[in-house]
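Since the structure comes first, as structure tokens, the remarks are kept for the end.
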Amino acid sequence: MKKILFLFFLFTTVLSGCATHNPEPLYTPQPAEREILPEDMARYRENIVLKQHGENFVSYEYRNVRIDELASLAINYCLDNTDGKKAYLREIVMRENHSKLATFDCIDLQ
């Protein structure tokens, strides 16, 4: 019985020693992922207005555009104007003229 338990523990330690966990790298956008297509850029010019911007935030007024498309603009703004900070959506406010105002903060959570 002792021999079987010893072999079991030996087997499990050898097996667990062979299995390694490689942590996933942090996501860093490649330059090709940051590019906005020309047909999308024309639609953005018609439907998105930069309302306010500062060192750590940016606000856009938009209509007929999805928030994830607008987020790509905020991500580009934060990458270009801050040192490695990311864009996080703070709020979306409905306006009187049926448009929306989205504010993104450029922060580093680490």
(request) Please identify each residue that fulfils salt bridge (Lys or Arg N to Asp or Glu O under 4.0 Å) with D83, with sequence neighbours left out. (result) none

(message) To the nearest 0.5 Å, what is the distance between NZ on K86 and CD1 on I107?
(response) 11.0 Å

(message) If the condition is salt bridge (Lys or Arg N to Asp or Glu O under 4.0 Å), which residues does D40 pass it with, not counting sequence neighbours?
(response) R43

(request) Look up atom CG in D105 and atom OH in Y88, then write down how far apart they are to the nearest 0.5 Å. (result) 11.0 Å

(request) Start with the C-alpha gap between F104 and R90, add the side-chain angles, then the distance that decides, and say whether side-chain contact (heavy atoms from CB on, under 4.5 Å) holds. (result) CA-CA 5 Å; F104 292 87; R90 182 194 315 164; over 6 Å; no

(message) Rounded to the nearest 0.5 Å, what separates atom CD1 in I75 from atom CG in D80?
(response) 11.5 Å

(request) Apply side-chain contact (heavy atoms from CB on, under 4.5 Å) to Y77 and V58, showing your working. (result) CA-CA 8 Å; Y77 177 85; V58 62; 3.7 Å; yes

(request) Hey, could you give me the NZ/SG distance between K85 and C106, rounded to the nearest 0.5 Å? (result) 8.0 Å

(message) Just checking E55: does its CD atom have more than 12 heavy atoms from other residues, nucleotides or ligands closer to it than 6.0 angstrom?
(response) no

(message) One pair to check against side-chain contact (heavy atoms from CB on, under 4.5 Å): Y62 and L101. What are the steps and the verdict?
(response) CA-CA 6 Å; Y62 67 101; L101 181 72; over 6 Å; no

(request) Kindly compute the distance separating OG (S99) from CE (M94), expressed to the nearest 0.5 Å. (result) 7.5 Å

(request) Find the distance between CD1 (I48) and CZ (R63) and round it off to the nearest 0.5 Å. (result) 12.5 Å

(message) Applying a strict under-4.5 Å side-chain criterion to I, L, V, M, F, W and Y, I'd like to know whether L50 and L89 cluster together.
(response) yes

(request) Please identify each residue that fulfils salt bridge (Lys or Arg N to Asp or Glu O under 4.0 Å) with K51, with sequence neighbours left out. (result) E61

(request) Grab the two heavy atoms, one from A87 and one from C78, that are nearest each other, plus how far apart they are. (result) CB-SG, 3.7 Å

(message) V49 vs Y60, test: side-chain contact (heavy atoms from CB on, under 4.5 Å). Steps then yes/no.
(response) CA-CA 6 Å; V49 177; Y60 296 103; over 6 Å; no

